[in-house]
Number of protein chains: 4
Amino acid sequence: MAILDATRSELASRGWDTLSFERIAAAAGVGKQTLYRWWPTKAALVSEMVTAGGILPVGPVAVTGDVRADVTAWMLAVGRVHDDPDASAVFQAVVAAVAEDADLSAHYDDRVTTVARARLAERLQQAVDAGALPSDLRVDTVTQVFLAMVLWCLVTRRPLDDALVADLVTTMLPVPLRGRRA
Amino acid sequence: MAILDATRSELASRGWDTLSFERIAAAAGVGKQTLYRWWPTKAALVSEMVTAGGILPVGPVAVTGDVRADVTAWMLAVGRVHDDPDASAVFQAVVAAVAEDADLSAHYDDRVTTVARARLAERLQQAVDAGALPSDLRVDTVTQVFLAMVLWCLVTRRPLDDALVADLVTTMLPVPLRGRRA
Amino acid sequence: MAILDATRSELASRGWDTLSFERIAAAAGVGKQTLYRWWPTKAALVSEMVTAGGILPVGPVAVTGDVRADVTAWMLAVGRVHDDPDASAVFQAVVAAVAEDADLSAHYDDRVTTVARARLAERLQQAVDAGALPSDLRVDTVTQVFLAMVLWCLVTRRPLDDALVADLVTTMLPVPLRGRRA
Amino acid sequence: MAILDATRSELASRGWDTLSFERIAAAAGVGKQTLYRWWPTKAALVSEMVTAGGILPVGPVAVTGDVRADVTAWMLAVGRVHDDPDASAVFQAVVAAVAEDADLSAHYDDRVTTVARARLAERLQQAVDAGALPSDLRVDTVTQVFLAMVLWCLVTRRPLDDALVADLVTTMLPVPLRGRRA
DNA sequence: CTATAAACGAGACGGTACGTCGTGTCTTAGG
DNA sequence: CCTAAGACACGACGTACCGTCTCGTTTATAG
């Protein structure tokens with residue numbers, strides 16, 4: 001879709017708060033009215049772009065025998081966005097938009113965060129069930145911590161690198177006591 | 001300072017991206033040029049407001065005998081911002097600004113995040129030294145996780161409540177093995 | 001047209017150099033952009049006002065048997081502007097604008113001066129042909145003199161009164177020698 | 001005087017209505033307050049510049065035996081300003097200022113116009129007395145016509161050239177009837 | 001040969017206006 | 001019928017000047 005592409009490229013090059021319907025319309029070769037007809041606000045437009053566009057590299061979590069390796073790999077994949085200046089600009093813009101706009105925040109929660117959390121939580125639960133993680137692991141909280149760190153690194157411009165992810169995994173996913181005995 | 005006050009109140013009522021020099025100037029009873037003379041951008045203005053204004057309720061971490069209680073109390077104090085709609089609007093606006101503006105992000109890192117991290121890290125290190133926390137605790141990473149969760153709750157509009165903080169503390173600040181033996 | 005009316009009234013009350021697009025727009029209930037869209041400069045706006053508005057009381061020259069009476073009447077009619085403070089303010093503003101702006105000067109020449117000159121010249125030529133004025137009368141020069149005196153009186157704030165017009169007519173429109181003989 | 005020079009050069013390059021105290025002060029290397037201390041308005045400044053600066057090339061009228069040649073020469077000298085773009089810009093700016101500002105108009109009348117009129121009128125009266133011009137010549141009116149034509153040519157951007165001056169002189173300064181009889 | 005005062009340059013200040021850009025609504029042609 | 005094109009009233013942008021107002025800093029007497 002020309003409009004969503006134009007939106008993405010404007011977002012990447014100009015950022016959220018100088019994003020303009022006028023320029024998007026011009027870039028997409030479309031009348032402004034067409035934009036307003038379908039998306040009442042900039043937030044709605046970005047919303048749809050995020051949803052439709054597969055912007056986030058939030059793939060499924062791999063399932064090998066080793067849950068810590070799986071989670072590490074998944075986090076590092078997400079962290080790779082940091083290396084693509086275009087993608088991280090879009091991200092930062094999306095975060096800015098989400099921080100300001102409660103509706104967009106809710107939408108984003110539904111369509112993106114929830115998906116990511118579900119995938120990660122599922123993998124963790126599976127590991128708990130398999131005895132690879134402690135049975136009293138707060139899966140929901142741990143899941144949020146992983147995503148919060150993604151957000152944190154994005155907003156504070158820190159790389160989500162090997163060392164950090166390793167530390168996180170070590171801290172958040174302890175070896176169960178039973179495991180030691182076995 | 002009338003200007004910074006006006007900035008704060010505009011930020012609370014209108015948000016970051018509709019923040020306007022024109023309105024701040026009018027509200028502060030000041031010419032626009034005076035604003036532009038001292039703060040070249042909205043970000044600089046918000047920067048100074050944050051720095052000068054004691055916006056963040058990031059007080060020192062209490063030192064009682066119980067590090068977990070201290071950290072819990074500190075996190076809950078920060079989380080209380082959620083209850084003040086004005087303050088949390090300012091916060092969200094600041095996050096939006098920081099997400100968009102790399103310079104502002106750096107400034108904020110220096111002046112706010114670093115202070116909070118130092119305070120928290122110091123308390124944790126002290127507990128580690130006292131043997132109340134495992135000696136291999138990744139103090140720096142754990143500290144970042146706590147702050148990341150503050151950001152996360154702010155951006156995703158989740159309350160930073162007792163249950164969540166308790167889970168976090170349990171997960172991040174384990175009892176040292178020596179402790180169990182004792 | 002509301003815009004041209006607003007222009008005229010602003011011109012009358014504030015004069016040329018404090019004339020402001022901002023105030024005209026406000027007075028006309030119009031956005032500034034609309035003004036700029038159609039008139040790139042204040043001069044263009046005044047230009048059109050002058051052209052479209054029938055500002056100048058430069059009517060046709062009457063044709064009775066007596067050319068001197070006709071010209072006298074015409075000059076006095078023009079001179080009557082002096083009595084209307086509003087109209088003479090507009091005039092002085094127009095003169096100021098014309099003195100400063102070569103483009104406006106050219107436009108004014110085309111649309112106003114030329115018309116007035118043509119009317120006056122036609123009447124004079126007719127009188128020359130009829131033998132009421134000398135055949136060697138420099139019609140073009142004499143015409144310019146009459147208009148120049150209008151300008152002169154306007155700029156120097158002198159009334160264009162009966163006595164002056166009478167003297168002018170006597171000087172510029174001599175009785176032909178043949179006429180005396182006849 | 002640096003200030004008056006700066007005024008003249010600003011007037012030549014920018015015209016009357018964009019003339020700015022700020023720029024004059026900067027150009028003259030002077031504080032704004034110094035300007036305001038001595039000249040309350042732009043008009044006062046231009047006033048003094050005109051008075052002090054010998055702006056107008058209104059020299060004395062030569063007295064040879066031939067009054068028509070003398071007046072012609074004088075008019076052409078004035079007309080020569082047209083050839084100097086700088087000088088004519090200053091002139092046009094002064095006319096614009098005078099057209100707008102009644103006080104400046106009065107000042108200009110006293111200090112410049114009156115002088116020119118007196119010189120010209122004196123020469124004409126002398127010629128009348130000598131019988132070279134008709135005794136019923138309206139000296140005052142004729143004088144005004146000559147000056148009005150200078151203004152006219154300036155404002156309408158017409159050259160005050162040989163042909164026009166010759167026509168004017170022929171028309172305005174007729175040979176006395178006695179002269180014909182002689 | 002200092003004191004004192006004036007005029008000075010510099011430039012901040014609360015304002016008005018500039019000319020431009022973008023908003024969201026509306027109207028007009030054309031495929 | 002929906003579209004692109006774009007006019008419109010409006011609000012904000014960042015800049016230029018306005019005229020007023022401190023600031024030190026020369027000068028230039030008057031004690």
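The chains referred to below are lettered A, B, ... by the order of the sequence lines, with proteins before strands, and numbering in each begins at 1. In this text, all values refer to a predicted model and were calculated from it rather than measured experimentally.
Looking only at atom types and distance, the side chain of D:Glu48 has no donor-acceptor partner in the side chain of D:Trp38 under 3.5 Å away.
Between the CZ atom of B:Phe21 and the P atom of E:dG15 there is a distance of 18 Å, given to the nearest Å. Computed from coordinates, the D:Gln33 CD to F:dT20 P distance equals 8 Å when rounded to whole Å. Per the geometry, CG belonging to A:Leu19 stands 15 Å off C1' belonging to E:dG24, to the nearest Å. Rounding to whole angstrom units, CD of residue B:Glu10 and C1' of F:dA12 are separated by 13 Å. In this structure, D:Asp17 places its CG atom 12 Å from P of F:dC18, rounding to the nearest Å. At whole-Å resolution of the value, CG in C:Leu35 and C1' in E:dC21 are 17 Å apart. If you take CD1 of D:Ile3 and C1' of E:dA7, they are 12 Å apart, rounded to a whole angstrom. Going from atom CG of D:Leu45 over to atom P of F:dC18 covers 11 Å, rounded to whole Å.
The side-chain heavy atoms of C:Arg111 and C:Val50, taken from C-beta on, include no pair separated by under 4.5 Å.
Look at D:Arg23 and you won't find any side-chain N or O under 4.0 angstrom from OP1 or OP2 of F:dA16. Residue A:Arg37 places none of its side-chain N or O atoms closer than 4.0 Å to OP1 or OP2 of F:dC2. Residue B:Thr34 places at least one side-chain N or O under 4.0 Å from the OP1 or OP2 atom of E:dG14. The side chain of A:Ser20 contributes no N or O atom lying less than 4.0 Å from OP1 or OP2 of E:dC21.
Between B:Val30 and C:Pro40, the one whose closest nucleotide on DNA chain E sits nearer the 5' end is B:Val30.
A distance-only check finds a donor-acceptor pair linking the side chain of C:Glu100 to the backbone of D:Trp16 [under 3.5 Å].
Minimum atom distance to the side chain of D:Tyr36 is reached by F:dT20, of the listed E:dG22, F:dA4, F:dT20. Taking every side-chain heavy atom of C:Glu22 into account, E:dC18 is the closest of E:dT23, E:dC18, E:dC13. For C:Trp38, the listed nucleotide lying nearest its side chain is F:dC8; candidates were E:dA17, E:dG14, F:dC8. Out of F:dC17, E:dC18, F:dA4, the shortest distance to the side chain of D:Arg14 is found at F:dC17.
Between the side chain of D:Lys32 and the base of F:dG19, a donor-acceptor pair under 3.5 Å is found.
Between C:Lys42 and D:Asp17, at least one side-chain N (NZ, or NE/NH1/NH2) sits under 4.0 Å from a carboxylate O, which counts as a salt bridge.
Nearest approach of D:Arg23 to D:Glu10, heavy atoms of both residues: NE-OE1, 3.1 Å.
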